[in-house]
Amino acid sequence: MLQKDIKILGIETSCDETAAAVVVNGREVLSNVIYSQIDIHTLYGGVVPEIASRKHIEKITPVIRKALEDASLTWDDLDAIAVTYGPGLVGPLLVGVGTAKAISYARRIPLVGVNHIEGHICANYIENKELEPPFMCLVASGGHSHIVKTVDYGKYEILGRTHDDAAGEAFDKIARAIGLGYPGGPKVDKLAREGNPDAIRFPRAVIEDAPYDFSFSGLKSSVLNYLNNAEMKGEEVNKADVAASFQKAVIEVLTERSIKAAIDNDCKRLALAGGVASNSSLREYMKKRTAEEGIEFFNPSPIYCTDNGVMIASAGYYEFIKGVRDGNTLNAVPNLKIGER
Ligand code: KG4
Ligand code: ZN
């Protein structure tokens, strides 16, 4: 018997990207529209929540319309609407949730609330049609750094977490300190290619009794101290060397702990997710180390690593086919945890 294709509209507004996409059966992309607010927030050196909310309100309708248009679909073709309801900034989240609820009610289309971090993990399904749980996943974004075991679709176990800064946050802070501005990750990534990653030995924090956890605040302080000392002594700093050495410290820690988690838990597959997963050196180093350890490695194309609607539609699909439905009471949950509903 032929099964009907499930077409889901995914809506994402948790931070500074207004995004919508249509995905079939959780894996086949029909459209992917992203309006990035980066240029506006760059003026302020970081995301200003109030400005983000206002921009989402302005852009959400045209972005959704374009996602439907690019997919050559009408409202009637949709089987469900998936929307990020947490974690993230409350104002921005409310714009997506409110819009999704309004469309769902007006057009009688089922609604599914999606966890943003679970969305990042599901981005791996788009270009790897054969990937199925269980697999280990390193999620590194601006707000989160986790090692998560995807036990089954929609079922997650957190093995490691950060004790302070998220990896992306560390990139953003170091970028600011060396005068690169916002958003830091891509700028450090680019500058680091011109530097020597072994020029300066920055610390790699080890956390007692928590072999899969992270801490980036000591590393951050160490880089800031290095910059201050140089300034006080009137010495010129090689910014590319600082960027490359800092990046190497982050990458080594993220990679080695994820690989350890995979090996210790008999996982032969390791995936990458979140904005930091678009870092070119992290991808290269992970690829090399997983090959050495005989672990299969997955990473989404950079466009699916940073925030997008495709990943939300994909995660929404696996919830939808399990029977999950949300109603008009769906609300934004800024501190939503992985695996919670
Ligand atoms: O997943 P994401 O788009 O938004 C959140 O959910 O937070 O991640 C954004 C974070 C930012 O901190 C940004 O600096 C970082 O991902 N990022 C990168 C790169 N591209 C984005 N970090 C390192 N290298 C990159 N190429
Ligand atoms: Zn994100």
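We count ligands from 1, going down the list as the structure has it; atoms in each ligand are counted the same way.
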Whether [X] side chain and [Y] backbone form a donor-acceptor pair below 3.5 Å:
X	Y	answer
K7	L78	no
N279	L282	yes
T13	P92	yes

D5 and N25: side chain donor to acceptor below 3.5 Å: yes
Top protein contact for [atom], by heavy-atom distance:
atom	value
atom 22 (N) of ligand 1	G185 CA, 3.3 Å
atom 24 (N) of ligand 1	N279 ND2, 3.0 Å
atom 21 (C) of ligand 1	G275 O, 3.4 Å
atom 20 (N) of ligand 1	S278 OG, 3.2 Å

Geometry only, no angles: is [X] polar-contacting ligand 1 at N/O separations under 3.5 Å?
X	result
G168	yes
G142	yes
E17	no
P183	no

Mode of H116 contact toward ligand 1 - side chain, backbone, both, neither (heavy atoms, under 4.0 Å): side chain
D189 contact mode with ligand 1 (heavy-atom cut-off under 4.0 Å): side chain
Ring centers of Y317, Y153 separated by less than 6.0 Å: no
Working for side chain to side chain contact (heavy atoms under 4.5 Å, CB included), residues I174 and K220: CA-CA 7 Å; I174 294 311; K220 184 185 67 192; 4.0 Å; yes
Options D307, L282, D172, ranked by nearest heavy atom to atom 14 (O) of ligand 1, top entry: D172
Pi-cation contact, F297 with R269 (under 6.0 Å, within 45°): no
Which of the atoms in ligand 1, numbered in the order shown and given with their element, are less than 4.0 Å from a heavy-atom of [X]?
X	value
G143	7 (O)
H120	1 (O), 6 (O)
T306	3 (O)

Derivation of the ring-ring contact (aromatic ring centres under 6.0 Å, His included) call for Y318 and Y125: CA-CA 11 Å; Y318 291 103; Y125 296 136; 5.4 Å; yes
4.5 Å side-chain heavy-atom contact, D307 and S14: yes
M311 side chain near Y304 side chain, heavy-atom distance below 4.5 Å: no
Lys/Arg-Asp/Glu bridge criterion (N-O < 4.0 Å) met for E58, K55: yes
Sub-4.0 Å heavy-atom contact, K190 with ligand 1: no
The single option from I312, L111, D326 passing side-chain contact (heavy atoms from CB on, under 4.5 Å) against V83: L111
Cluster overlap V276 with L219, hydrophobic side-chain contacts below 4.5 Å: yes
Cut-off under 2.8 Å, centre the Zn ion (ligand 2), protein N/O/S atoms: H116 NE2, H120 NE2, D307 OD1
